[in-house]
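Contents: one structure, followed by commentary.
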Amino acid sequence: MAAAAPPPPPTPAPVEALPKSTPAGHTLFSRIRLATPSDVPHIHKLVHQMAVFEHLTHQFAATESALSSTLFNSQAFHSFTIFILEVSPNPFPESTVNPLYKPKVQVLNLELPIEDPERERFKAEGDDVVVAGFVLFFPNYSTFLAKPGFYVEDLFVRECYRRKGFGKMLLSAVAKQAVEMGYGRVEWSVLDWNVNAIKFYEEMGAKILQEWRICRLTGEALEAYGPC
């Protein structure tokens, strides 16, 4: 009698096909746009956080009303100008484009989601858009180049959004605007203890001018030059 045939091998369980394009990480949309007077409450909070970071809260005296009355009296790029950095987990809604500046939008793919403990305080538009930083700059002039330029007074990204490339995006937006306007240079200052910022600026191609120091008249020393 012939031996019984061995049982057939078990049929492997069907494997569910994966989609051809599986997104990796966490997508975050970012936008740089011109600030408007409605941004003043967020600007005020950002400036205060910057003062805390720089250990200069004893010099912080700005109010929302003072910012409103001084920041938006002239056309953008010809006086004080602010770019606002916003982020959102979703694409930004269509909005009216300021004729002076088309917002710059960039998509980032992060390994981990960003936990923002102050998300509610910095909501900007709808439920998803959050203000993450800003840069304030204004024109100056170089007699050596015989060209105007931009001086960056403040560049700040909120703590949970740092080391993601947002600072570079803000500074690059100012530099790009300077090039488009035919300006000769972009300048700013950095605290000598902020080694991370110094390294970041050098990596962007900036030269740190060791031979120059900032001279400042302010407060009572400045008021001494007023009318007798």
Side-chain angles (χ1 to χ4, degrees), residues 26-50 62 64-110 113-114 116 118-140 148-183 186-188 200 204:
H26 299 266
T27 301
L28 187 67
F29 296 85
S30 63
R31 175 172 67 183
I32 293 176
R33 61 169 177 81
L34 271 176
T36 67
S38 64
D39 293 308
V40 164
H42 288 320
I43 293 170
H44 184 258
K45 291 192 289 281
L46 289 167
V47 174
H48 182 263
Q49 288 194 354
M50 183 173 61
E64 289 187 23
S65 59
L67 291 171
S68 296
S69 65
T70 54
L71 282 178
F72 300 98
N73 296 326
S74 301
Q75 183 173 308
F77 309 124
H78 296 281
S79 183
F80 316 119
T81 303
I82 293 180
F83 285 154
I84 292 288
L85 167 68
E86 296 173 323
V87 297
S88 173
N90 301 308
F92 290 96
E94 293 292 332
S95 58
T96 303
V97 176
N98 190 315
L100 296 176
Y101 187 77
K102 182 180 180 180
K104 304 292 189 294
V105 178
Q106 189 169 330
V107 182
L108 289 81
N109 197 34
L110 306 174
I114 295 176
D116 184 352
E118 296 185 294
R119 184 177 182 276
E120 294 299 318
R121 288 188 69 209
F122 285 94
K123 275 188 177 181
E125 180 181 344
D127 293 328
D128 298 325
V129 181
V130 175
V131 172
F134 80 110
V135 59
L136 185 151
F137 58 100
F138 49 84
N140 61 5
F150 282 137
Y151 184 82
V152 177
E153 176 69 19
D154 293 322
L155 172 67
F156 184 75
V157 175
R158 290 171 52 217
E159 184 175 4
C160 61
Y161 294 102
R162 292 174 196 159
R163 293 172 292 278
K164 303 292 188 296
F166 293 124
K168 183 176 182 179
M169 288 170 55
L170 283 166
L171 194 54
S172 297
V174 178
K176 180 177 177 61
Q177 186 65 31
V179 172
E180 290 180 356
M181 296 177 69
Y183 283 10
V186 175
E187 294 182 310
W188 62 95
F200 160 60
M204 287 195 65

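Predicted, not measured: the structure shown is a model, and the values here were computed from it.
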How far apart are the C-alpha atoms of Glu86 and Phe92, what are their side-chain angles, what is the distance that settles it, and do they pass the side chain to side chain contact (heavy atoms under 4.5 Å, CB included) test?
-> CA-CA 10 Å; Glu86 296 173 323; Phe92 290 96; 4.1 Å; yes
Hey, are the side chains of [X] and [Y] touching, using non-hydrogen atoms and a 4.5 Å cut-off?
X: Asn140; Y: Phe150; result: no
X: Tyr183; Y: Pro148; result: yes
X: Arg33; Y: Asn98; result: no
X: Val47; Y: Ile43; result: yes
X: Phe137; Y: Phe77; result: yes
X: Ile84; Y: His42; result: no
X: Gln49; Y: Glu118; result: yes

[X] atom [atom1], neighbour heavy-atom count above 12 within 6.0 Å:
X: Glu159; atom1: CD; answer: no
X: Lys123; atom1: NZ; answer: yes
X: Tyr151; atom1: OH; answer: yes

Inter-residue atom distance [X].[atom1] - [Y].[atom2], 0.5 Å rounding:
X: Arg121; Y: Asp116; atom1: CZ; atom2: CG; answer: 10.5 Å
X: Gln106; Y: Met169; atom1: CD; atom2: CE; answer: 4.5 Å
X: Asp154; Y: Trp188; atom1: CG; atom2: CH2; answer: 14.0 Å
X: Arg31; Y: Ser88; atom1: CZ; atom2: OG; answer: 8.5 Å
X: Ile32; Y: Leu85; atom1: CD1; atom2: CG; answer: 6.0 Å
X: Leu67; Y: Ile82; atom1: CG; atom2: CD1; answer: 7.5 Å

Shortest non-hydrogen contact from [X] toward [Y]:
X: Ala175; Y: Val186; result: CA-CG2, 4.1 Å
X: His78; Y: Pro139; result: C-CG, 3.7 Å
X: Ser69; Y: Ala66; result: OG-O, 3.0 Å
X: Leu108; Y: Ser30; result: CD1-OG, 3.6 Å
X: Leu28; Y: Pro89; result: CD1-N, 4.2 Å
X: Met50; Y: Phe134; result: CE-CZ, 4.2 Å

With under 30° as parallel and over 60° as perpendicular, where do the rings of Tyr161 and Phe166 fit, or are they tilted in between?
->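 Geometry flag for Phe166 against Tyr161: perpendicular rings.
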Does Val131 offer a backbone N or O that forms a donor-acceptor pair with the side chain of Arg158 under 3.5 Å?
-> yes
Yes or no on side chain to side chain contact (heavy atoms under 4.5 Å, CB included) for Val174 and Leu155, after CA distance, side-chain angles and deciding distance?
-> CA-CA 11 Å; Val174 178; Leu155 172 67; over 6 Å; no
Apply side chain to side chain contact (heavy atoms under 4.5 Å, CB included) to the pair Thr81 and Leu34, showing each step before the final yes or no.
-> CA-CA 8 Å; Thr81 303; Leu34 271 176; 3.6 Å; yes
